[in-house]
Each structure stands twice: as C-alpha cells, then as structure tokens.
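Structure first, commentary second.
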Amino acid sequence: MKERLQSIKQEAITEIEAADTQKSLQDVRVQFLGKKGKITEVLKGMGKLSKEERPVIGQLANEVRDEITASIEEKADLLEKQAIEEQLKAETIDVTLPGRPTHTGGPHILMKTIRDIEDLFIGMGYEVAEGPEVETDYYNFEALNLPKGHPARDMQDSFYITEELLMRTHTSPVQARTLNAHEGRGPVKIICPGKVYRRDTDDATHSHQFTQIEGLYVDEHITMSDLKGTLNVLAKHLFGEDREIRLRPSFFPFTEPSVEMDISCKVCNGDGCSVCKHTGWIEILGAGLVHPNVLEMAGFDSKKYTGFAFGMGPERIAMLKYGIEDIRHFYTNDVRFLKQFHQV
Ligand code: FA5
C-alpha cells in the first residue's frame with residue numbers, strides 16, 4: 001500500500017509538471033483527488049487493512065493527498081501568472097507613438113451662411129420664424145395677393161400634392177402666417193429661413209429644392225428708406241464694407257413697389273467681367289414694401305401700418321461669397337468640398 005501511494009504521488013507530480021493549461025491541470029486534479037480518483041480509491045480500500053496498518057497508511061494517504069493538492073495549487077498560481085503576463089505582452093501599447101488623427105465634421109457651409117444671416121438680423125431685433133414645407137395654396141399664393149389663375153403664379157413652377165396643398169415655393173408664406181397670428185397688431189419683425197421647392201430643372205445655378213431667407217418688418221411709418229438701409233447693412237456684412245448696392249424696379253405680387261437688389265461685382269469692382277456678365281452688378285435678392293392687400297388680408301390696417309419684405313437664396317449668396325461655381329455642390333456632399341469650409 002505504501003509503495004502504491006508513493007507511486008501515485010510520483011505519477012501525480014509528473015502529470016502536474018506536464019500540465020500547461022488550467023484545463024489540463026483540472027483533469028489531473030480529478031484523476032487523483034476526485035470522487036473516483038486514485039487517492040480516493042486507496043482510502044476506500046483501507047477497510048481491508050489490519051488495525052495496526054490502518055492509521056499508518058491513513059496518515060500517509062492524507063499526506064500524499066495534501067502534497068498533491070499543494071502542488072496543484074502552486075501550479076495553478078503559476079499558470080495564472082503566465083496567462084496574465086502573456087495577455088499583458090499581447091496588449092502592450094507604445095504610448096510614445098503619434099496618435100491617429102480623428103476626422104471631425106463641421107456645420108455645412110449652407111447652414112453657416114444661414115446662421116450668419118440669422119445672427120445679423122437677430123442683432124437688429126428680429127425674431128426667427130418658421131413655417132411648414134407642405135403649405136396650403138392659400139398661404140403660398142392667395143394670402144400673398146396671388147389669387148387662383150393669377151399669371152404671376154407661373155413665376156414659381158410648383159410641386160402640387162393636392163389641389164390645395166403644395167411644397168412651398170418660397171418662404172413668403174411664413175410672412176402671411178406670422179401677420180395673421182399678430183391679429184392686426186404691429187410691430188412684426190421676423191427672419192424666416194427654410195427649404196423651398198420648385199419644378200426648376202437642376203443646373204449650375206438652379207435646384208428643384210433650395211433654401212431661402214425671408215425678412216419682414218411691419219410697423220407704423222416703415223418706408224422704402226428703412227428697406228434700403230437694412231439691405232445696405234446686409235450687403236456690407238456679407239460681402240464687405242466696400243460693396244455698393246443698387247435697387248432696380250421689379251415685380252412681385254406681394255410687394256408694391258417691388259425691387260431687386262444688386263451688389264457691385266467684387267471680382268471686377270464694377271468695371272464688368274464674366275462673373276457679373278459685364279454689367280458690374282450681381283443680383284442678390286427680391287424685396288419691396290408689403291402690398292396693402294397682403295396686410296389687409298392678414299387683418300392689418302394698411303393706412304396705419306406699412307412694412308417691407310425681402311427674400312434671398314443663401315446658396316446663391318454662398319456661391320458668390322466663396323466662389324462656388326455649381327449649386328449642386330451643396331447637395332452632393334462630397335467631403336472634399338465640404339471640408340474646405342470648416343474654418344470659415
Ligand atoms: C421670391 O421667391 C420672393 N418670395 C422673394 C421676395 C420676398 C420678394 C419678399 C419680395 C418680398 P424669387 O423667385 O426671385 O423671389 O426667389 C428669391 C431667390 O431665391 C432668388 O434671388 C434666388 O437667389 C433664389 N432662387 C430662386 N430660384 C432658385 C432655384 N431654382 N435654385 C436656387 N435658388 C433659387
């Protein structure tokens with residue numbers, strides 16, 4: 001029995017040494033110390049021993065079991081340490097290496113242009129107003145002095161959804177909605193940015209979906225000179241102090257008189273070049289004094305209140321300001337185009 005225990009011990013030590021994973025070590029543990037393990041078998045056979053032998057062998061069996069247990073634990077510790085070391089080695093990072101650059105986005109140049117114009121007007125006491133992109137025929141046209149069948153509706157070819165609903169063709173319906181909400185009481189001083197839709201064929205300067213910014217100021221004693229002064233501030237803010245503006249007579253059904261504002265060409269300084277089509281001037285926006293019919297339809301007394309309104313296309317403004325030659329660049333979102341404007 002003694003020899004048997006000694007040989008079990010030897011066998012166990014050899015197997016413990018050979019075990020190179022926690023799993024194989026666990027197998028050794030089961031093989032020697034488990035319920036059906038070799039030591040347990042010896043202990044079970046103790047009944048057959050004589051009275052004198054039993055305590056001696058019992059003690060020896062316990063000693064062997066304790067030694068095997070201690071060796072297994074020692075090996076388990078060793079294997080765990082080795083595993084941690086290997087993991088640390090595999091995960092080593094060289095903190096002195098230069099970092100990988102992260103590519104951050106930035107606001108779209110169109111949004112920056114819109115925010116810039118918004119901020120200018122907020123600084124002059126205007127509030128930002130918004131309206132729905134799916135608009136009623138009434139607010140898009142009728143409330144703006146464009147009754148059904150009016151020939152000037154053709155100036156803005158429209159996407160109709162039903163007879164009475166369409167994608168708004170301009171931001172001017174926000175004027176009509178805001179005036180209505182004021183129930184005949186001025187002042188009304190708003191700036192309205194937003195998307196608009198027209199059945200225009202896409203080309204370098206036209207898009208079927210683009211943005212507009214509308215301005216409206218209605219109060220007592222508002223005149224054409226208020227409009228001109230405001231537009232002058234806008235032009236200089238956008239294009240520089242040395243820009244001149246000129247107002248040309250035009251036609252919009254919702255303003256009377258109506259004008260278009262040009263700025264002196266930045267490229268040739270008014271001498272004439274291909275950018276300004278050799279006129280020295282570039283058209284920027286439409287404007288005018290709010291038509292009395294528009295005021296009256298919204299419940300304002302047009303004898304007491306007057307006002308001005310203007311509407312511009314931020315794409316065209318950004319194109320002029322940054323020398324962008326095709327409006328489609330704003331919508332195709334080529335990162336090479338977009339990232340040029342992160343710093344402006
Ligand atoms: C209007 O839409 C008027 N509602 C503006 C207005 C408001 C006049 C208040 C008077 C008082 P117009 O159709 O000209 O006007 O459009 C205004 C601007 O939108 C143009 O100057 C141009 O910059 C831009 N625009 C017009 N059509 C397109 C298009 N298809 N693609 C890109 N920009 C366009």
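When reading the values below, keep in mind they use all heavy atoms of this one structure, side chains included, and skip hydrogens, waters and symmetry mates. When a ligand or atom number is given, it counts from 1 through the structure's own listing order. Keep in mind that this is a model prediction, so the values were computed, not measured.
Every residue two or more places apart in sequence or in another chain that forms a side-chain hydrogen bond (donor to acceptor under 3.5 Å, both in side chains) with D202 is listed here: H208. For T279, the side-chain contact (heavy atoms from CB on, under 4.5 Å) partners are C276, W281, not counting sequence neighbours. With sequence neighbours left out, K266 forms a side-chain contact (heavy atoms from CB on, under 4.5 Å) with R243.
In this structure, ligand 1 sits under 4.0 Å from heavy atoms belonging to Q156, H170, S172, Q175, R198, D200, T205, H206, S207, F210, Q212, E214, F252, F254, T255, E283, I284, G286, A287, A309, F310, G311, G313, R316, I327.
The aromatic rings of Y126 and F121 sit perpendicular, their planes meeting at an angle over 60°, well past the 30° parallel limit.
Defined by atom type and a distance below 3.5 Å, a donor-acceptor pair is present between the side-chain atoms of E214 and T171.
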Y331 vs R328, side-chain contact (heavy atoms from CB on, under 4.5 Å): CA-CA, chis, key distance, verdict: CA-CA 5 Å; Y331 302 110; R328 287 166 288 205; 5.8 Å; no
